[in-house]
Amino acid sequence: MFIKKSLETKHILVHLHLYYYDQLDFFIDKLRNISHCNWDLYVTVCEKDEKNLLRLKEFKPDVNIIEVKNIGYDIWPFIQVIKIVDLDKYDYVLKMHTKNFRYKQNHIQGFKYNGKHFTGFFWRDQLVNAVLLNSNRFLKILKIFNSNKKIGFISDKAFLVKLQKHRLEDTVLLDDMKKRLNINSNYEYFLAGTMFIMRACILKRLANSDLCENDFATISATNSISTYAHALERIFTILTDDSGYKIYGIPDKSLNKYLQSNNLSILEKIFSIRNSKDKRHKIITILGLKFKIKR
């Protein structure tokens, strides 16, 4: 009881970059799991949709909605938010954003881990659920921060991946960003997908930096590789380590089980047809739902 009471004094800044409005219901449902604390919601959008924004205001009347240019993916909008708020007001900052399932050049865009290819929705869900799976998960996150003052950054363990030295965003651009932010740490892991919760004090160096819109190329010019946005995606864990804090990865048992026992690709998980063990039925999987039909 005493721990819960102490948590209720915590103040959290929540940032959601809402690029895909069709994912609003998903994020509202997940944000409902925030509890046992005070929290402010900042939502950045690239184009205002009054109908959807009204739903946001119905969910949280004091929401702050900011229209931004479609520059720097979810990274530059996040930096804009932490630059305009007073980080001294907050204990933690929670960063979330929409991710799309999309095809390009006949292959699925996503993230590879242990030989498996995770698409946008699966990738998104894993990162969001690491913190906002349910109210108990969120309370667990707060308790981890509260009981261990050295932990500064929390997200899904599986998506903490090693830097690849052959990529510009992992070497030249990252080294340039570290110099600009006066970072000396050589921490080698970053969170692929940039959805996390971290101590607000760690972000002050980034909020007070000279980063500006001109540092970020437009989306169409980047071809999704080697941009300052991607270098900054790598900076959050490095900045945490440089500030003297530890990175904590939430283990996901369901993901580990999937990796160990399932050889199907994500596409096959979305739609597949196979025979049942008794050969008398067809098992049809559609968007993760299984149906058994007599042959």
Side-chain angles (χ1 to χ4, degrees), residues 10-19 27 30-31 34 37-46 56 60 62-99 127-128 130-132 138 141-142 145 151-155 169 173-174 176-183 185 187 190-217 227-245 247-248:
K10 301 300 182 184
H11 199 175
I12 299 178
L13 167 65
V14 179
H15 171 239
L16 168 64
H17 182 52
L18 185 61
Y19 185 80
F27 278 97
K30 292 301 178 180
L31 291 172
I34 298 176
C37 66
N38 299 308
W39 63 290
D40 296 331
L41 176 61
Y42 281 75
V43 177
T44 48
V45 296
C46 295
L56 258 176
K60 191 164 174 60
D62 62 349
V63 61
N64 299 278
I65 299 170
I66 303 172
E67 188 170 6
V68 297
K69 293 181 181 178
N70 187 20
I71 293 175
Y73 303 95
D74 56 284
I75 302 294
W76 175 234
F78 176 69
I79 294 173
Q80 290 179 77
V81 169
I82 64 172
K83 278 180 172 290
I84 64 174
V85 302
D86 179 6
L87 284 176
D88 286 330
K89 288 174 50 179
Y90 300 101
D91 296 282
Y92 314 118
V93 175
L94 173 62
K95 180 183 178 300
M96 294 283 146
H97 62 91
T98 55
K99 287 189 73 67
L127 289 169
V128 173
V131 179
L132 296 175
F138 184 75
I141 298 295
L142 293 184
F145 275 128
I151 290 177
F153 180 105
I154 299 177
S155 190
E169 61 265 41
L173 294 180
L174 183 57
D176 179 62
M177 192 60 60
K178 286 166 65 176
K179 289 178 183 177
R180 289 179 67 174
L181 296 174
N182 193 28
I183 293 174
S185 169
Y187 191 77
F190 77 99
L191 183 76
T194 58
M195 286 190 248
F196 52 75
I197 184 168
M198 66 188 296
R199 293 189 187 273
C201 60
I202 300 172
L203 289 166
K204 287 183 181 180
R205 224 184 306 180
L206 192 56
N208 296 329
S209 71
D210 62 353
L211 287 169
C212 63
E213 183 180 303
N214 292 336
D215 289 311
F216 299 87
T227 70
Y228 272 120
H230 289 89
L232 278 163
E233 179 183 19
R234 287 140 175 81
I235 213 73
F236 296 107
T237 50
I238 298 173
L239 184 58
T240 299
D241 181 71
D242 196 67
S243 300
Y245 291 93
I247 291 85
Y248 184 89

> Where do Leu132 and Leu31 land on the side-chain contact (heavy atoms from CB on, under 4.5 Å) test, with the steps shown first?
Replying inline: CA-CA 7 Å; Leu132 296 175; Leu31 291 172; 4.1 Å; yes
>> Could you check whether any side-chain heavy atom of Thr240 comes within less than 4.5 Å of a side-chain heavy atom of Tyr187, counting everything from C-beta outward?
In response: no
> Looking at NZ of Lys69 and CD of Gln80, how far apart are the two atoms once the value is rounded to the nearest 0.5 Å?
Replying inline: 9.5 Å
>> To check you understand the geometry: which heavy-atom pair defines the closest contact between Ala200 and Tyr90, and what is its length?
In response: CB-O, 3.4 Å
> Can you check side-chain contact (heavy atoms from CB on, under 4.5 Å) on Tyr92 and Leu13, steps first, answer last?
Replying inline: CA-CA 6 Å; Tyr92 314 118; Leu13 167 65; over 6 Å; no
>> Could you report the tightest heavy-atom contact between Gly72 and Pro77, atom names first, then the distance?
In response: O-CD, 4.1 Å
> For the side chain of Arg234 and the backbone of Leu191, is there at least one donor-acceptor N/O pair under 3.5 Å apart?
Replying inline: no
>> Using a strict threshold of under 4.0 Å (side-chain N to carboxylate O), is an ion pair present between Arg180 and Asp210?
In response: yes
> Less than 4.0 Å between a side-chain N and a carboxylate O, is that true for Lys178 and Asp242?
Replying inline: no
> So, do Ile12 and Val93 sit near enough that their side-chain heavy atoms are less than 4.5 Å apart?
Replying inline: no
> From Met96 CE over to Leu94 CG, what is the distance, rounded to the nearest 0.5 angstrom?
Replying inline: 4.0 Å
> Is Lys10 positioned over the aromatic face of Trp39, cation under 6.0 angstrom from the ring centre and no more than 45 degrees off axis?
Replying inline: no
>> Could you tell me if the side chain of Val43 sits less than 4.5 Å from the side chain of Ile66, heavy atoms only?
In response: no
> Does Leu56 reach the side chain of Leu18, with side-chain heavy atoms less than 4.5 Å apart?
Replying inline: yes
>> Quick check: do Ile154 and Met198 have side-chain heavy atoms less than 4.5 Å from each other?
In response: no
> Are Val128 and Met195 side-chain neighbours, meaning at least one heavy-atom pair lies under 4.5 Å?
Replying inline: yes
> Got a second to check how far Lys204's NZ is from Ser209's OG, nearest 0.5 Å?
Replying inline: 14.5 Å
>> Within a 6.0 Å radius of atom OH on Tyr19, are there more than 12 heavy atoms belonging to other residues, nucleotides or ligands?
In response: no
> Shortest non-hydrogen contact from Ile82 to Ala207?
Replying inline: O-CB, 3.4 Å
>> Using side-chain heavy atoms (C-beta onward) and a distance below 4.5 Å, is Ile141 in contact with Ile197?
In response: yes
>> Please give me the minimum heavy-atom distance between Arg205 and Asn182, naming the atom from each residue.
In response: NH1-O, 2.9 Å
>> Working to the nearest 0.5 angstrom, can you tell me the gap between Ile84 CD1 and Ile79 CD1?
In response: 13.0 Å
> Can Tyr73 and His17 be said to form a ring-ring contact (aromatic ring centres under 6.0 Å, His included), step by step?
Replying inline: CA-CA 9 Å; Tyr73 303 95; His17 182 52; 9.6 Å; no
>> If the test is side-chain contact (heavy atoms from CB on, under 4.5 Å), which one of Ile235, Ile75, Leu127 qualifies with Thr194?
In response: Ile75
>> If I compare all heavy atoms of Trp76 with all of Ile71, which pair ends up nearest, and what's the gap?
In response: CB-O, 3.5 Å
>> Ring-plane angle category for Phe78 and Phe196, please: parallel below 30°, perpendicular beyond 60°, tilted otherwise.
In response: perpendicular
> With a 4.0 Å cut-off, would you call Asp40 and Lys60 a salt bridge?
Replying inline: no
>> Is there a side-chain contact (heavy atoms from CB on, under 4.5 Å) between Phe138 and Cys37? Walk through the geometry before answering.
In response: CA-CA 10 Å; Phe138 184 75; Cys37 66; 3.9 Å; yes
>> Which heavy atom of Asn70 sits nearest to which heavy atom of Cys46, and what is that distance?
In response: CA-SG, 3.8 Å
> Roughly how far, to the nearest 0.5 Å, is NZ of Lys30 from CG of Leu16?
Replying inline: 14.0 Å
> Are Phe236 and Phe153 close enough, and set up right, to give a side-chain contact (heavy atoms from CB on, under 4.5 Å), and what steps lead you there?
Replying inline: CA-CA 8 Å; Phe236 296 107; Phe153 180 105; 3.9 Å; yes
>> Using 0.5 Å steps for rounding, measure from the OG atom of Ser185 to the CD1 atom of Ile238.
In response: 6.0 Å
> Does the side chain of Leu232 come within less than 4.5 Å of Phe216's, by heavy atoms?
Replying inline: yes
>> Using the rule given for side chain to side chain donor-acceptor pair (under 3.5 Å), can you reason through His15 versus Thr44, listing the C-alpha separation, both sets of side-chain angles and the distance that settles it, and then say yes or no?
In response: CA-CA 8 Å; His15 171 239; Thr44 48; 2.8 Å; yes
>> Using the rule given for salt bridge (charged side-chain N to carboxylate O under 4.0 Å, His left out), can you reason through Lys95 versus Asp74, listing the C-alpha separation, both sets of side-chain angles and the distance that settles it, and then say yes or no?
In response: CA-CA 9 Å; Lys95 180 183 178 300; Asp74 56 284; 2.4 Å; yes
